[in-house]
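For the numbers below, each heavy atom of this structure counts, side chains included, while hydrogens, waters and symmetry mates do not.
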Amino acid sequence: MSDMKTVTSVRENIDVRSDWIALALRAGIGLVFLIGGWNKLSQLIDPTRETAIVATYTSPHSYINAFFTNYLFTGTFGEWLTPWSFLTLLSTFELVSGLALIAGLLVRPLALTWGLLLWTFVMALPVVTAPGVEVDVNTYTSPAMLVQIRDIGLSGIAFVLFNLGSGAFSLDARLFGQAATTQPESWDNLGLVMRLSVALPILVGGTFAGLDHIQNFASTPWLLVPLGILLASGTRVRAAGVVVAAITLWVMWTKLSLDKSLIVNLNSVKREFAFLAAGIVLASVGGGVKFTLAQAGAKARQFLSA
């Protein structure tokens, strides 16, 4: 009977913890898309600014590349799909899905969709990295995966949310009940994904600091590289999570300006909301006890002493 009570207590603790983790990640990721969609849509529906934003996204350093112009904006699709309509539809979906994630509506399908869509930004980013080539246009000269490493990290966080579900504090829970809030038996696997999703952008920022369009998190490599190693190895994760949250708040502070409008300020720090949430989660619950340097060391000692 005592063992049964212990198992039930552990199960309830996992459920409660997962509910709060889901809420934090929903808010963080939801704000990324809410702000991004709001920023683009506000310009696209403004006759005085729509031409400028379309020109920005169709320029040599943005995502609407030759594939779009040659296949989507011509022929059958070209009769109704234009750069403006494409951006407007995408921005509307971004805005609506951000609101839905924050409210906890259709969280799993949206998290899965964005977890995959974020990789399209990596594939679409125009880069010129051939040695000896002189770049005559404004484009990227670092590998796309390094430039977009934060979106890769966001993708990992989205996949964690997909596995967690909406949590109890959501519209999904009210509308669909337990089926929408199924919780994992252990945090270990998701903790690994969460750790790596935060560690990779930090490691890239520290290791490749100074390269074109590499996010340095307004910090020095000597701080970022050890922090990324701690997270990736599962060492002192709670303390590392606190540092991640602190660095993220510092980055947000350095980007804000009284000379900019509210939406421009928010758009400049939109990704930081997700990484702030991730840092808080890691500081609160850690990164799991498996797939860590300590576990690997224990297994090595056990093997050598056998």
Side-chain angles (χ1 to χ4, degrees), residues 18 21-42 44 57 62-65 67-68 72 86-125 144-145 147-167 169-173 175-176 180-182 184 189-201 204 215 248 263 266-282:
S18 297
I21 294 172
L23 177 60
L25 297 184
R26 278 171 29 214
I29 297 177
L31 282 171
V32 175
F33 302 128
L34 170 61
I35 294 168
W38 173 20
N39 176 61
K40 289 190 287 288
L41 200 57
S42 64
L44 288 164
Y57 275 89
S62 198
Y63 301 103
I64 297 183
N65 52 34
F67 171 80
F68 293 90
L72 294 183
F86 172 79
L87 286 170
T88 301
L89 288 171
L90 181 61
S91 300
T92 302
F93 173 69
E94 195 173 355
L95 174 63
V96 172
S97 61
L99 288 170
L101 285 169
I102 293 171
L105 179 64
L106 302 176
V107 168
R108 274 201 167 105
L110 286 174
L112 179 60
T113 298
W114 278 111
L116 297 173
L117 278 178
L118 284 162
W119 279 89
T120 65
F121 299 137
V122 180
M123 294 183 287
L125 191 76
M145 288 192 69
V147 175
Q148 296 293 102
I149 191 64
R150 288 185 302 164
D151 283 350
I152 294 174
L154 289 178
S155 174
I157 296 173
F159 286 135
V160 171
L161 182 58
F162 168 74
N163 282 275
L164 280 176
S166 309
F169 314 115
S170 66
L171 289 178
D172 281 343
L175 295 174
F176 307 114
T181 60
T182 303
N189 295 335
L190 296 184
L192 172 64
V193 178
M194 180 67 73
R195 286 192 278 119
L196 294 179
S197 298
V198 179
L200 287 177
V204 168
Q215 172 63 254
T248 304
I263 183 57
L266 288 175
N267 190 64
S268 68
V269 298
K270 62 184 179 182
R271 290 177 179 83
E272 277 72 18
F273 284 108
F275 287 107
L276 176 61
I280 292 173
V281 167
L282 291 173

Side chain of Ser91, backbone of Gly37: donor and acceptor closer than 3.5 Å?
no
Of all the heavy-atom pairs spanning Gly167 and Ser170, show the shortest one and how long it is.
O-OG, 2.7 Å
Measure across Gly28 and Ala277 and return the closest heavy-atom pair with its distance rounded to 0.1 Å.
CA-CB, 4.1 Å
Minimum side-chain heavy-atom gap Leu112-Phe159 below 4.5 Å
yes
Whether the side chain of Thr92 engages the backbone of Thr88 through a donor-acceptor N/O pair (distance < 3.5 Å, no angle test) should be reported.
yes
So, taking the atom named CG in Leu118 and the one named OG1 in Thr113, what distance separates them when rounded to the nearest 0.5 Å?
10.5 Å
Mind listing the closest non-hydrogen atom pair of Ser155 and Gly115 along with its distance?
OG-O, 2.6 Å
Show me, pair by pair, the donor-acceptor contacts under 3.5 angstrom made by side chains of residues 96-105, not counting sequence neighbours?
{"from": "Ser97", "atom 1": "OG", "to": "Phe93", "atom 2": "O", "distance (Å)": "2.7"}
{"from": "Ser97", "atom 1": "OG", "to": "Glu94", "atom 2": "O", "distance (Å)": "3.0"}
{"from": "Ser97", "atom 1": "OG", "to": "Trp114", "atom 2": "NE1", "distance (Å)": "3.0"}

For residues Trp119 and Met145, determine if any side-chain heavy atom of one lies less than 4.5 Å from a side-chain heavy atom of the other.
yes
Contact check, side chains of Leu87 and Ile64, non-hydrogen atoms, under 4.5 Å
yes
Closest heavy-atom contact between Ala144 and Val122?
CB-O, 3.4 Å
dist Leu164:CG -> Leu23:CG (nearest 0.5 Å) comes out at 11.5 Å
Nearest heavy-atom neighbours spanning Gly156 and Ser197:
CA-OG, 3.2 Å
Rounded to the nearest 0.5 Å, what separation is found between the CZ atom of Phe121 and the CG atom of Leu125?
11.0 Å
Is any side-chain heavy atom of Arg108 closer than 4.5 Å to a side-chain heavy atom of Asp172?
no
Main-chain N/O of Leu190 paired to Asn163 side chain as donor or acceptor, under 3.5 Å
no
Measure from the side-chain N and O atoms of Arg26 to the backbone N and O of Phe169, and report whether any donor-acceptor pair falls under 3.5 Å.
yes
Just to verify, what does Phe273 make a side-chain contact (heavy atoms from CB on, under 4.5 Å) with, not counting sequence neighbours?
Leu31, Ile35, Met252, Leu266, Val269
Quick one: CD1 on Ile280 to CG on Leu25, what's the gap to the nearest 0.5 Å?
10.0 Å
How far does CG of Leu106 sit from CG of Leu175, to the nearest 0.5 angstrom?
8.5 Å
Can you name the ring pair (Phe, Tyr, Trp, His ring centres under 6.0 Å) partners of Phe275, sequence neighbours left out?
none
Euclidean distance, Leu34 CG relative to Asn39 CG, rounded to 0.5 Å:
11.0 Å
Is a donor on one side and an acceptor on the other found under 3.5 Å between the side chain of Arg150 and the backbone of Pro201?
no
Determine whether Leu282 and Met194 make a side-chain contact, defined as any pair of heavy atoms from C-beta on separated by less than 4.5 Å.
yes
Do you know the tightest heavy-atom contact between Val32 and Ala274?
CG2-CB, 3.8 Å
Hey, does Phe33 have a side-chain heavy atom less than 4.5 Å from the side chain of Leu95?
no
Please walk me through it: do Asp151 and Arg271 pass side-chain contact (heavy atoms from CB on, under 4.5 Å)?
CA-CA 8 Å; Asp151 283 350; Arg271 290 177 179 83; 2.8 Å; yes
